[in-house]
Amino acid sequence: MENKKTYNWAVLGCGKIAHKFSGDLKLLPNANLYAAASRDLRRAQDFANEWGFDVAYGSYEEMVEDPEVDVVYIATPHSHHHEHTLLCLNHKKAVLCEKAFSLNGKEVKEMIETAKANHTFLMEAFWTMFQPSFQQAMEILRSGDLGKLKIVRSDFAFNAPFIEEKRLYNVELGGGSLLDIGIYPVFAALTSLGVPDKIKTFADFSPTGSEESINILFKYKDGEMANLTSSFAAHSPTQTEYLCEKGYLVLNPRWFTPTNITIMKEGEEPETLPKQHREGWGYQYEAEHVMECLDRGLIESPKMTWKLSQDLIDLLDRIRIDAGIFFGDRDKDLFF
């Protein structure tokens, strides 16, 4: 078997999710942990030493100037994704950028246009798309064994202490449950039922003005519906239920990670399918896919497409408009 090309990975932003991603990246034989970048050199050095990166940079600009960097994983808060993605793309660095892709659809459109202009790979790091359990669930739903999908119920909630300056409650950093965790239930409905015809939301806000809890209802022209919830004020099962004409399918807690699936067919007892997951957190699947795309000379993923990311952020914009969720000047052209 021909050896796969080895790619030099850089991590831009050295926070919690970057630690998990780096640990999973080490599981891939064709991924070289090359560069760690932070605005704080000491933090970058500590991160690089912990995970075995070759070099550390105290600025993102220095990192993108390094000709040895092949692909960058952007792990900064989503309020900075637009800026950091453009920086990397304009230096012809392939980009895997964490979700939410950016704060609004206008910014995502510019990111995609920049990738096209530079003929450089760009993908939203929506790791759920690449989980074996999620892929298996989608195959079962598409098979028609359970009949037509009619209702999606999905949630993601946990009780986060209110700390005003922290990212979750900071409007300047795109705080609020919707873009942080509510994006997952929205993704579950979008990938199974598509873009809804009607949206209705109910939201509650924290003292900083960030949205703390939100319930979202989707209605489709053929009668399908979705009921989606996210919150920083309560705990939820964190599961997704697909209710069909002849039964149901449940992605069990925590549904967006590697998990197992329960299926109930009409007239039969529920059956739980075993988890199909090797090791690690599950971030290696998206990284593996990125390198497969680069091997093929692609600038867009055929699975996590630009259209899907644009549809997702546009849908989140519609939800925010209905709920009255604002991010200041960044949304000046969005709300009217």
Side-chain angles (χ1 to χ4, degrees), residues 11-22 38-40 43 47 73-85 97-105 107-108 124-128 154-188 201-216 228-240 253-257 281-283 309 312-313 315-331 334-335:
V11 170
L12 191 158
C14 299
K16 181 178 179 181
I17 197 168
H19 282 271
K20 291 182 176 180
F21 181 85
S22 298
S38 171
R39 289 198 176 106
D40 181 332
R43 187 176 190 185
F47 187 92
Y73 171 65
I74 296 177
T76 48
H78 38 254
S79 54
H80 292 71
H81 288 174
H82 174 257
E83 170 193 352
H84 295 152
T85 294
C97 179
E98 262 306 331
K99 62 193 176 328
F101 221 7
S102 194
L103 288 191
N104 59 54
E107 293 180 353
V108 167
E124 184 174 9
F126 217 114
W127 67 320
T128 303
S154 184
D155 64 77
F156 189 174
F158 59 89
N159 195 329
F162 177 73
I163 304 174
E164 185 172 342
E165 64 274 14
K166 292 294 185 179
R167 178 182 62 84
L168 297 184
Y169 292 99
N170 189 332
V171 176
E172 295 299 316
L173 296 178
S177 80
L178 178 63
L179 292 194
D180 194 76
I181 57 176
I183 189 172
Y184 284 101
V186 173
F187 174 84
T201 64
F202 303 91
D204 190 54
F205 294 83
S206 77
T208 63
S210 66
E211 163 268 320
E212 187 173 58
S213 300
I214 188 166
N215 184 242
I216 307 158
L228 317 170
T229 302
S230 66
S231 178
F232 291 148
H235 293 281
S236 75
T238 313
Q239 67 184 23
T240 294
R254 299 163 39 98
W255 71 266
F256 53 89
T257 69
W281 293 94
Y283 293 98
S309 287
L312 178 59
I313 195 67
L315 189 49
L316 291 166
D317 283 349
R318 288 175 61 190
I319 292 167
R320 291 203 292 123
I321 289 170
D322 189 74
I325 300 169
F326 301 91
F327 295 133
D329 290 343
R330 296 279 287 275
D331 288 334
L334 180 65
F335 299 100

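Both backbone and side-chain heavy atoms feed into the values below; hydrogens, waters and symmetry mates do not.
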Would you check if the side chain of [X] reaches a backbone N or O of [Y] as a donor-acceptor pair within less than 3.5 Å?
X    : Y    : value
H78  : G174 : yes
D155 : S236 : no
H81  : A100 : yes
T208 : Y169 : yes
S210 : S206 : no

Side chains of [X] and [Y]: closer than 4.5 Å at any heavy-atom pair?
X    : Y    : value
T201 : I325 : no
F156 : I183 : no
N104 : F327 : no
Y184 : T240 : no
W127 : F256 : yes

Taking the inter-plane angle between the rings of F21 and Y73 on a 0 to 90° scale, is it parallel (under 30°), tilted (30 to 60°) or perpendicular (over 60°)?
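Judged by the thresholds at 30° and 60°, the geometry between F21 and Y73 is parallel.
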
Hey, can you tell me if H19 and F47 have their rings parallel, tilted or perpendicular (30° and 60° cut-offs)?
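If you compare the ring of H19 with that of F47, the planes turn out perpendicular.
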
Near E164 CD, under 6.0 Å, is it more than 12 heavy atoms from other residues, nucleotides or ligands?
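For E164, atom CD is not crowded (no more than 12 foreign heavy atoms under 6.0 Å).
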
Please lay out, stage by stage, how S177 and E211 fare under the test side chain to side chain donor-acceptor pair (under 3.5 Å).
CA-CA 6 Å; S177 80; E211 163 268 320; 2.4 Å; yes

Rounded to the nearest 0.5 Å, what separates atom CD1 in I214 from atom CZ in F205?
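The CZ atom of F205 is 7.0 Å from CD1 of I214, to the nearest 0.5 Å.
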
